[in-house]
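So the structure is just underneath, and the comments pick up after that.
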Amino acid sequence: MSKEIYFDNSATTKVRKEVIDVILSTFNENYGNPSSLHKKGIQAEKAVEISREIIANALKCNSSEIFFTSGGTEANNLAIKGAAYRYKRRGKHLITSNIEHPSVINTFKYLENEGFDVSYIDVNKDGIVIIDELKKEITPETILVSIMMVNNEIGSIQPVEEISRIISSQSQNKIIFHVDAVQGFGKIPIDVGNMGIDLLTISGHKFHGPKGIGALYIRSGIELIPLIAGGEQERGLRSGTENVPGIVGLGKAAELAVTGLKEFKSKVSELKEHLSRRIIEEIPGVRINGPICDDPHSAPHIINISFKGIKGEILVHAMEQYGIYLSTGSACSSRKSHSSHVLKAIGCEDEELEGAIRFSFSAFNTVDEVDYCVEKLKEEVKELRSIIRR
Amino acid sequence: MERVYLISYSEIGLKGENRPFFERTLVSNIRRALKDIPGLEIERFHGRIYVKAEGDLKEIRDRLVKIFGIASISPALRTHPDLDEIKRGALILLQEHKEYNGKTFKVETRRPNKSFPLTSPEVSKVVGAHILKSLNGLKVDVRDPDILVNIEIREKAYIYWEKIPGLRGLPVGVSGKALLLLSGGIDSPVAGWMTMKRGVKIQAIYFHTFPFTSDRAKEKVVDLCRVLSIYNSPIILHVVNFTEVLKVLQKETPSEFLTILMRRMMLRIAERVALKENALGLVTGESIGQVASQTMESLAATNKVADIPIIRPLIAFDKDEIIEKARRIGTYEISIRPYEDCCTVFVPRHPKTRPSLKDVEAAERDLDVDNLVEEGLKRVDVIIVS
């Protein structure tokens, strides 16, 4: 298989060479423990602090507000559980949406068992949180709202600023606002101050950084109960010897993502538009799930399309034969047989649920790749339909 | 004093003239299973096999209990034919197993080595008395003892009491070769295992239908072979790329016959592979009535296409029995991984449950069957799994 066309960048991305280089040199030379007293320790600590600075700059916050974690899942858990437990005396009501990533949804399910009361608000057919529902759900008991920035399956962008405004205007009490920005960071500009965000999650491997590293922004003044007890690293919030190579790699990847953001956006939007236009024009029986391309609520890099009469899984494998890597709904759930909660939430029928394919781009992708993919899709969709439909 | 495993085999003992062949096969299977264990020595005489090996005793035991043809395994002590050593050995063995407390016992001696000064009853009496004196909590019962301490005096003496049940059956390799139609499901690995138990060496064939089933389904089958290979020695797995054949069937035959026609094609291809590999039969995991393609009518229609015997060890088993066996064999956890094996996409909505042979053949009439078989045979990968 000579060709390799990777359109599964929402699952994970290829690590950039520049990032690998800094990781390798950290492993080789800067191998100290940041907590050690000697020079090797100080060097490692410095490297960690430089990364913290880079990420803080990217989010327009202070570097003391950045905390490293093992990735997006841990950051989401820390944010949600940490805030819920810390502020439970103010109230036990929490709000999230019903299209969140499993690391958020399942954390809320866990908290329900712990005696918290959770409202899961609906989204409209484009996968955008229904603001009126949010308004209705806020009570004096509400202590935390968690809404994702960009949905990983359909690419809908949530109105984060509007949500933040509503949260602060609807309640006398301070409600903590957490944003899972795993699919948003490096894709759309983020300014946590202007956007009114209190907690924000990012994950390295979604923007060409390494796996196993992520970060949580915690607005100064907000306290969380840590999940992990130990040597008090990360100011006691995340114990465990720092993953220095990972942190350095995360910093490098973040730097490149932010400096390349404009270029990324224009490039992948073009790919997305090109792909969706060709598919709509040339393949019958398709449906775009989520916001369409020119919608301002549509993320530049993700598009979800249903091919009627075909199981997404089979189409993924069929395309794999040509070296084209796609995904059904989300990678996290692709091994489970149950269908996507996100597509259900936006009202997809069974047939559309089954036939859904997610294309997610990176700046490494090209128009030629998209064209090749569409050609192969045309052939395979036709072939598969002729076999399956009887 | 040294530790050995005394291995007994029952069924082989009944085999008359072929017995040496059966025994040799069993010894060579044991040798292969333990080949990486240091200090391995295997002796065979008088209907017993003695295995001596250094290393982790439990590991050796775990491997021996997975060899077909072994009736029981007794961890034994081998000593000089000296009464004091025998007494000491008997105590060591009993003490290693704390459960002796409150139990009854009896000593039984055999003495093929007639140069030993005491008679068998005398040995039993002396050793019995020694045990009784040395270990509290044991009582003698000569009629129905909980623990039977065996002493065998040959050139050396052997002391043992524990009997770990083996798998029984016949040593793999004494009954020729068969080709197992292996899917990722629960049944077929069990069917293969049961055939192996009768001494049949197994190769496997898997029909892969990528992209309709994923490569993970294929990996699952390889993993199943890996478990079966523990009982069999390396398994040769033939992976047939069946997608093109399936596409033709799907396009050109009535949907309600699809499953049965698919099975007929699989059997035809399998038979050709079997003949090439000198396998004398095909093994399937079919069980009557489990699904539409396993009714008596369907079985009859499937059977028709193969000339060599089709072995169906599970034919009268129900699902629970099969699952229980799969658990014991160690294939269950692999079989239930959620990757579809024979793609559900192709299961017709209304399969014929009682197809007449005439109808099945009519449904197949316009197909160029020979050509399709050749097509399937063109795309076979062979994987050796050990």
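Values below: every heavy atom of this structure, side chains too, minus hydrogens, waters and symmetry copies. In what follows, every chain begins at residue 1, and chains take the letters A, B, ... in the order their sequences are listed.
Residues A/H317 and B/F212 place their aromatic rings such that the two centres sit no closer than 6.0 Å.
Shortest non-hydrogen contact noted between B/K247 and A/I387 is CG-CD1, 3.2 Å.
Residues B/P211 and A/E320 form no side-chain contact, since every pair of their non-hydrogen atoms from C-beta on lies 4.5 Å or further apart.
Annotation for A/K378: atom NZ counts as buried by contact number, over 12 foreign heavy atoms lying within 6.0 Å. Heavy-atom neighbours of B/K319 NZ from other residues, nucleotides or ligands within 6.0 Å: above the threshold of 12.
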